[in-house]
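Worth knowing before you read on, the calculation uses all heavy atoms, side chains too, and leaves out hydrogens, waters and symmetry mates. In what follows, chains carry the letters A, B, and so on, assigned in the order in which the sequence lines appear, proteins first and then strands, with residues in each chain numbered from 1.
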2 protein chains.
Amino acid sequence: MSKRDPTLMSGVPELVLLRLLAQREMYGYDIARALKLLSHEALSLGEGVLYPALHALEARGLLRSRSRQVEGRMRIYYQATPKGRRRLERLAANWRRMSEGVERILGAHHD
Amino acid sequence: MSKRDPTLMSGVPELVLLRLLAQREMYGYDIARALKLLSHEALSLGEGVLYPALHALEARGLLRSRSRQVEGRMRIYYQATPKGRRRLERLAANWRRMSEGVERILGAHHD
DNA sequence: CAACTATACCTCGCATACCGAGGTATGAAA
DNA sequence: TTTCATACCTCGGTATGCGAGGTATAGTTG
């Protein structure tokens, strides 16, 4: 069925993947490293999340990939499609909205 | 097995429930309303999330409840236990950490 | 040359979280 | 008497995240 919106809970992996791959072409291993680095270790996608997520996003037309041989090793480079970018905008807006909501609740003292 | 930590994705419902109920005693319907209000509609826990979550948290000793009859209607009031408050601290710290991580990735231009 | 480490990909199956839809019952208002 | 707001509840589906495990190559080190 047609993929309902990520509701409350995050879909953070989808979000950050699209964000990275909207910026530039990257391959799996690369993404994992970048994610740890950029988020100061706060985020880390294990391979059991990463690869299935990449495949799913590609199948949905949000990413496209090309394989390249680099120094004997095979790499699959992904980047966001236009559709993926549009999706990213939606997800990012959503995420900010909900994260601000959480922040308000964490911050307030509700007497 | 013993309940692994909420990993990447949020466990936002658990977090916000504990936060509200660390502050004051509330009952289900009340919580739903407060949540919408405080978060400016950004968060809304449907009853299919809310009640099971409350039961689960109570079963884990993070909340305790008492029933009261108010104007003919039965209400079950919940509040956070000390253990629940400690859990809240952990979850809140976790959430900030990961939300900052996401923010960094959303914000940066990764050239 | 054997081991080991880093790179690079992959899948399977478990657990659990979240959600919508549906169900019950009361009191007040129309 | 019907409807609305209050107030609770459960069931079943789905997807999602995750760990563990598996393959293979290139380079390093003893």
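Rounded to whole angstrom, the span from the CG atom of B/Leu50 across to the C1' atom of C/dA17 amounts to 14 Å. Atoms CG (B/Leu17) and P (C/dC18) sit 10 Å apart, rounded to a whole Å. Whole-Å rounding puts the B/Asp30 CG to D/dA7 P distance at 8 Å. A straight line from CG of A/Leu57 to C1' of D/dT16 spans 12 Å, rounded to a whole angstrom. In this structure, B/Leu45 places its CG atom 17 Å from P of C/dA21, rounding to the nearest Å. Rounded to an integer number of Å, the gap from CD of A/Gln69 to P of C/dA8 is 11 Å. B/Glu58 has its CD atom 13 Å from the P atom of D/dC8, to the nearest Å. Atom P of nucleotide D/dT23 and atom CE of A/Met74 are separated by 16 Å, given to the nearest angstrom.
Contact annotation for A/Gly46: no contact, since no heavy-atom pair falls under 4.0 Å across all strands. A/Glu47 comes within 4.0 angstrom of a nucleotide base, judged by non-hydrogen atoms across all strands. Heavy atoms of A/Arg73 sit under 4.0 angstrom from at least one base atom. The residue B/Arg33 sits close only to the backbone: its heavy atoms come under 4.0 Å of sugar-phosphate atoms, none of a base.
Checked for salt-bridge contact, B/Glu41 and A/Arg97 miss the test: no charged N lies under 4.0 Å from a carboxylate O. In this structure, A/Arg64 does not pair ionically with A/Glu25, as no charged nitrogen and carboxylate oxygen lie closer than 4.0 Å.
Taking only side-chain nitrogens and oxygens, A/Tyr51 comes nearer than 4.0 Å to OP1 or OP2 of C/dC9. Residue B/Tyr27 has no polar side-chain atom (N or O) positioned under 4.0 Å from OP1 or OP2 of D/dC8. For A/His55 and C/dT11, the shortest distance from a side-chain N or O to OP1 or OP2 is below 4.0 Å.
In this structure, A/Arg85 contributes its side chain and A/Ala22 its backbone to a donor-acceptor pair below 3.5 Å. Judged by distance alone, with hydrogens and angles left aside, the side-chain atoms of B/Thr81 form a donor-acceptor pair with the main-chain N or O of B/Leu62 at under 3.5 Å.
Take the nearest nucleotide of DNA chain C for A/Tyr78 and for B/Glu71: the residue whose nucleotide is more 5' is A/Tyr78. Between B/Pro52 and A/Pro52, the residue whose closest nucleotide on DNA chain D is further toward the 5' end is B/Pro52.
For the pair B/Arg75 and B/Tyr29, the cation does not sit on the ring face, since its NZ or CZ is not both under 6.0 Å from the ring centre and inside 45° of the axis.
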